[in-house]
Colleague: 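The structure under discussion is supplied below as structure tokens; questions concerning it will follow.
If you're wondering where the values come from, they're calculated on a predicted model, not measured in any experiment. All chains are named by letter (A, B, ...) in the order of the sequence lines, taking the proteins before the strands, and each is independently numbered beginning at 1.
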There are 2 protein chains.
Amino acid sequence: MKEKRIDLSTETKIKEAARTVFYKKGFSATRTRDIAEEAGINLALLNYYFRSKEKLFEIIMLETFSAFVQSMTVILNDENTSLENKVELIANRYIDFIIREPEVPTFLISEIRNNPQQLLEKLPVKQIINNSVFFKQHGEAVKQGLIMEPNPLHFLLNLLGLVVFPFIAKPLIMGGQDLDIEQFNALMIERKSLIPIWIAAMMKAK
Amino acid sequence: MKEKRIDLSTETKIKEAARTVFYKKGFSATRTRDIAEEAGINLALLNYYFRSKEKLFEIIMLETFSAFVQSMTVILNDENTSLENKVELIANRYIDFIIREPEVPTFLISEIRNNPQQLLEKLPVKQIINNSVFFKQHGEAVKQGLIMEPNPLHFLLNLLGLVVFPFIAKPLIMGGQDLDIEQFNALMIERKSLIPIWIAAMMKAK
DNA sequence: ATTTGTTTTAATCATTTGATTAAAACATTT
DNA sequence: AAATGTTTTAATCAAATGATTAAAACAAAT
């Protein structure tokens with residue numbers, strides 16, 4: 001029972017409507033008329049405020065991707081948390097986030113394939129990750145023999161795979177296992193405490 | 001250097017062209033004219049052979065999804081392989097498969113969200129998985145204390161997450177880490193032997 | 001060779017869709 | 001309240017797009 005806040009400015013109404021529709025259907029399947037209807041505004045206002053469907057999309061895309069990457073980099077660059085802490089934080093925050101915004105992962109995956117280039121230019125993921133505290137801590141742990149696999153990319157991919165993949169497979173899991181959304185979410189919440197244990201075990205394995 | 005086989009029937013040419021374009025751009029972003037051009041045929045032939053864009057898409061979708069599920073269920077239902085064997089087989093086969101057909105995972109994820117219902121009716125994933133030899137073996141291993149997490153769904157999600165997720169994140173990994181396709185694939189091939197080790201360790205963890 | 005059935009083509013249709021325009025409604029300033 | 005600036009609306013445009021049609025090209029059967 002999501003409450004529609006009624007008091008937004010027209011511009012904000014359009015942006016939030018665009019977010020809703022783009023998240024659900026992707027860029028190509030979204031009609032500007034869908035957005036106008038969702039926002040309860042005249043179609044021409046979309047172009048009045050945002051010039052074009054594409055410009056509006058870019059705004060939503062950049063905001064969404066930034067939010068996703070931002071919280072990651074903040075966690076990965078905290079000097080005051082251990083590797084174990086970081087794993088817990090990422091599992092907890094991302095699972096909570098995706099439960100609130102379940103359409104975001106599939107939206108990002110589907111739409112990034114079109115122009116990953118452009119997106120990566122605007123968000124310099126490269127440096128942010130490679131110079132991260134996380135990378136240094138990982139290197140240390142490898143040197144001390146606490147982690148067997150030396151490539152930190154495998155570590156990150158494993159962590160994100162365990163966190164994100166189940167949400168991507170959600171339609172199949174729910175349909176294939178007759179789960180309702182409550183049961184599915186419960187399963188994901190379980191994983192918040194399981195993933196750190198699993199990651200710890202994996203990384204020691206050889 | 002993909003060779004275009006020249007000798008296909010018109011119908012097959014159209015279907016394979018449709019596969020190529022649908023995989024790359026998804027249903028909504030694909031124009032029937034794109035498919036006609038890719039196939040080197042007159043636009044009207046598409047409708048002559050397949051009635052409509054939608055019918056053609058359904059054929060590709062069902063074929064692709066079936067292939068994906070089929071090989072999974074075959075492996076999961078083999079009486080003659082252990083749990084460990086099954087993990088190895090899935091990691092190996094799927095990583096090889098996705099390296100050959102890199103657009104399939106994102107295609108499936110993007111398009112399944114539209115009507116997961118319809119797809120699951122045609123492919124009864126539910127029973128296939130739930131009555132599988134894999135489930136029985138997993139239950140046994142749990143009973144014997146070899147596996148700590150009792151829910152086999154977590155097991156499957158973990159395995160598939162480790163296998164599939166990196167391919168989904170490919171544009172970000174390649175762009176963000178300056179890898180070319182060779183280096184990326186090498187990384188994935190590494191994972192064929194790593195994933196079974198990781199899974200084994202995870203499942204014993206507590 | 002003619003007839004019959006099948007496949008392919010060029011042209012065209014009807015609808016959808018992103019965008020624009022001119023006017024109206026509303027708000028703010030003088 | 002008149003003038004000016006801003007926001008919103010209804011109507012419309014041009015291009016794109018899925019689909020159809022009628023005729024042509026081709027193949028097979030008689």
Colleague: By the 4.0 Å heavy-atom rule, please label A:T30 as base, sugar-phosphate, or nothing.
Modeller: sugar-phosphate
Colleague: Find the distance A:R33:CZ to D:dA11:P and express it as a whole number of Å.
Modeller: 14 Å
Colleague: Look at the side-chain N and O atoms of A:R31 and state whether any lies under 4.0 Å from the OP1 or OP2 oxygen of C:dT17.
Modeller: yes
Colleague: Let me know the distance between OH of A:Y48 and P of D:dT9, rounded to the nearest Å.
Modeller: 12 Å
Colleague: Do A:T30 and A:K25 get their side chains close enough for a donor-acceptor pair, meaning under 3.5 Å?
Modeller: no
Colleague: D:dG18 P sits how many Å from B:I35 CD1, rounded?
Modeller: 8 Å
Colleague: Taking only side-chain nitrogens and oxygens of B:Y49, does any of them come within less than 4.0 Å of OP1 or OP2 of C:dT8?
Modeller: yes
Colleague: Whole angstrom is fine here: how far is it from CD in A:E37 over to P in C:dT16?
Modeller: 14 Å
Colleague: Side chains of A:S28 and B:S28: donor-acceptor distance under 3.5 Å anywhere?
Modeller: no
Colleague: Is the phosphate of C:dT7 approached by B:T10 (side-chain N or O, under 4.0 Å from OP1 or OP2)?
Modeller: no
Colleague: In whole Å, I'd like the distance from the CD1 atom of B:I41 to the C1' atom of C:dT7.
Modeller: 12 Å
Colleague: Heavy atoms under 4.0 Å, any strand shown: does A:L46 hit a base, just sugar-phosphate, or nothing?
Modeller: nothing
Colleague: State whether A:T32 places a side-chain N or O below 4.0 Å from either non-bridging phosphate oxygen (OP1 or OP2) of C:dG18.
Modeller: yes
Colleague: Expressed as a whole number of angstroms, how long is the span from A:I14:CD1 to D:dT9:C1'?
Modeller: 13 Å
Colleague: Output yes when B:E16 and B:R19 qualify as a salt bridge under the 4.0 Å nitrogen-oxygen rule, no when they do not.
Modeller: yes
Colleague: Compare all side-chain heavy atoms of A:L43 with those of A:T32 and state whether any distance is below 4.5 angstrom.
Modeller: yes
Colleague: Can you find a side-chain donor-acceptor pair between B:T64 and B:Y23 that sits under 3.5 Å?
Modeller: yes
Colleague: What's the closest nucleotide to the A:A44 side chain, out of C:dT9, D:dA19, D:dT9?
Modeller: D:dT9
Colleague: Check whether any side-chain N or O of B:N42 sits under 4.0 Å from OP1 or OP2 of C:dT8, and answer yes or no.
Modeller: no
Colleague: Rounded to the nearest angstrom, tell me the gap between atom CG in A:L45 and atom C1' in C:dG18.
Modeller: 15 Å
Colleague: Using whole Å, report how far CD of B:E54 lies from C1' of C:dT15.
Modeller: 16 Å
